[in-house]
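Bear in mind the structure is a predicted one, so any value in this text is a computation, not a measurement. All ligand and atom numbering here is 1-based and tracks the order in the structure.
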Amino acid sequence: MEHLSRILYVSRTSQGVGEAELKQILEQSNRHNKEQRISGILCAGGGHFIQVLEGPQEAVFRLYGRILDDRRHYDSLLIGVAPIKQRMFQGWSMGYLSNPPEVMEARRKQLLAMWERRAEADELVVLMRKFLEQLRG
Ligand SMILES: Cc1cc2nc3c(=O)[nH]c(=O)nc-3n(C[C@H](O)[C@H](O)[C@H](O)COP(=O)(O)O)c2cc1C
């Protein structure tokens, strides 16, 4: 059985990255993602990126690693990783949504708040901490 995963991250657009660079990113994405059976959406505006990538786990992680090294953005924060049964963006090798700055600001804030709330409460984090405490003795 194939293991599908989804990741969601936010980042900031680097200085000087405009329409031309965005077009290039989308061209690269469409070419590469189709090959790797990755789907998703890239939202941009007001100096922010929000991206969802979904597909075979290995391909998603390999791509995310490459994207992290891309100088066209910085301050990337991984909001979530989840195993999934079904894609949400089936058929979109990389959808694109351009949003007004205030919409992007609000979405980013909302995602960061989710991340902060979950960071400590997540059951997995608690279990991992217990496990690590056991290891330390
Ligand atoms: C915000 C952002 C999102 C990106 N998303 C993708 C993507 O979904 N797929 C992809 O192949 N490259 C994406 N890239 C570009 C990669 O970092 C990398 O430059 C590209 O995959 C290299 O393609 P090439 O080997 O065809 O030149 C993204 C870059 C940025 C800055």
Side-chain angles (χ1 to χ4, degrees):
M1 198 186 74
E2 185 178 58
H3 292 96
L4 292 174
S5 288
R6 177 183 301 132
I7 72 171
L8 170 65
Y9 76 84
V10 300
S11 66
R12 289 180 190 275
T13 315
S14 299
Q15 200 90 43
V17 171
E19 290 297 318
E21 287 75 18
L22 211 54
K23 195 166 162 248
Q24 190 190 34
I25 291 172
L26 290 171
E27 277 167 11
Q28 288 172 326
S29 302
N30 281 311
R31 190 172 352 110
H32 177 260
N33 296 4
K34 209 169 278 169
E35 249 172 53
Q36 297 291 316
R37 294 190 304 116
I38 288 173
S39 45
I41 191 161
L42 178 67
C43 306
H48 301 290
F49 284 121
I50 298 174
Q51 191 175 30
V52 177
L53 299 167
E54 52 186 27
Q57 192 177 76
E58 238 190 274
V60 167
F61 278 84
R62 219 179 295 123
L63 172 61
Y64 180 57
R66 252 201 3 246
I67 294 175
L68 272 180
D69 283 339
D70 198 310
R71 296 286 191 81
R72 291 171 289 190
H73 68 163
Y74 65 101
D75 244 6
S76 187
L77 178 65
L78 184 59
I79 302 291
V81 184
I84 54 169
K85 281 193 180 148
Q86 275 185 333
R87 293 172 192 255
M88 282 177 76
F89 300 97
Q90 183 86 44
W92 300 38
S93 54
M94 189 45 61
Y96 175 65
L97 255 182
S98 164
N99 283 315
E102 60 278 14
V103 172
M104 287 299 282
E105 298 279 354
R107 295 228 162 104
R108 183 187 157 93
K109 232 185 223 167
Q110 196 183 13
L111 287 169
L112 293 185
M114 266 168 61
W115 186 84
E116 274 161 20
R117 235 182 302 126
R118 272 180 55 91
E120 279 305 307
D122 196 326
E123 205 180 340
L124 187 64
V125 174
V126 175
L127 285 172
M128 268 171 60
R129 190 180 296 139
K130 280 196 182 136
F131 178 74
L132 294 176
E133 276 162 7
Q134 274 174 17
L135 283 186
R136 269 206 318 212

| For Glu21, does the CD atom sit with more than 12 other heavy atoms under 6.0 Å from it, leaving out its own atoms? | yes
| Side chain to side chain, Met104 and Ile50, heavy atoms closer than 4.5 Å | yes
| task | Please state which part of Gln28 comes within less than 4.0 Å of ligand 1, counting heavy atoms only: side chain, backbone, both or neither. | result | both
| remark: Counting from 1 in the order shown, the ligand 1 atoms closer than 4.0 Å to a non-hydrogen atom of Leu63 are 7 (C), 8 (O), 9 (N), 10 (C), 11 (O), 12 (N)
| request: Just need the protein heavy atom nearest to atom 28 (C) of ligand 1, so name the residue and atom and give the distance. | output: Ile25 CG2, 3.6 Å
| query | Just which atoms of ligand 1 are under 4.0 Å from any heavy atom in Leu53? | reply | 8 (O)
| message | Could you tell me if the side chain of His73 sits less than 4.5 Å from the side chain of Arg12, heavy atoms only? | response | no
| said: Against Leu8, only a single residue in Ile41, Ile79, Leu53, Leu78 fulfils side chain to side chain contact (heavy atoms under 4.5 Å, CB included); can you say which? | reply: Ile79
| said: For atom 16 (C) of ligand 1, what is the closest protein heavy atom, and at what distance to 0.1 Å? | reply: Asp70 OD2, 3.4 Å
| remark: If we number the atoms of ligand 1 from 1 as shown, the ones under 4.0 Å from a heavy atom of Phe49 are 1 (C)
| request: With heavy atoms of Arg66 as the reference, note each atom of ligand 1 found under 4.0 Å away. | output: 11 (O), 17 (O), 20 (C), 21 (O)
| task | Look up atom 9 (N) of ligand 1 and tell me if a protein heavy atom lies less than 4.0 Å from it? | result | yes
| message | Does Glu120 form a salt bridge (charged side-chain N to carboxylate O under 4.0 Å, His left out) with Arg129? I'd like the steps, not just the answer. | response | CA-CA 11 Å; Glu120 279 305 307; Arg129 190 180 296 139; 3.1 Å; yes
| field | Met94 neighbourhood, listing ligand 1 atoms whose heavy-atom distance to it stays under 4.0 Å | value | 8 (O)
| said: Tell me if the CZ atom of Arg72 is crowded by more than 12 foreign heavy atoms within 6.0 Å. | reply: yes
| query | Mind checking whether Tyr9 has a heavy atom under 4.0 Å from ligand 1? | reply | yes
| query | Picking from Leu26, Asn33, Ile38, what satisfies side chain to side chain contact (heavy atoms under 4.5 Å, CB included) with Ser93? | reply | Asn33
| task | Write out the residue and atom name of the closest protein heavy atom to atom 13 (C) of ligand 1, then the distance separating them to 0.1 Å. | result | Ser29 OG, 3.5 Å
| field | Nearest-neighbour protein heavy atom for atom 3 (C) of ligand 1, which is reported as residue plus atom name and distance | value | Gln51 OE1, 3.4 Å
| message | Distance under 4.0 Å to a non-hydrogen atom of His32: what atoms of ligand 1 satisfy this? | response | 11 (O)
| said: List ligand 1 atoms under 4.0 Å from Asn33, heavy atoms only on the residue side. | reply: 7 (C), 8 (O), 9 (N), 10 (C), 11 (O)
| said: If the contact criterion is a heavy-atom separation under 4.0 Å, does Arg31 count as touching ligand 1? | reply: yes
| Residue pair Val52 / Met88, side-chain heavy-atom distance below 4.5 Å | no
| message | As a test of understanding, state which of Lys85, Arg37, Arg87 forms a salt bridge (charged side-chain N to carboxylate O under 4.0 Å, His left out) with Glu2. | response | Arg37
| remark: Note: Ser39 and Gln90 closest approach over all heavy atoms is OG-N, 4.5 Å
| request: Return the residue, atom name and 0.1 Å-rounded distance of the protein heavy atom closest to atom 14 (N) of ligand 1. | output: Ile67 CG1, 4.0 Å
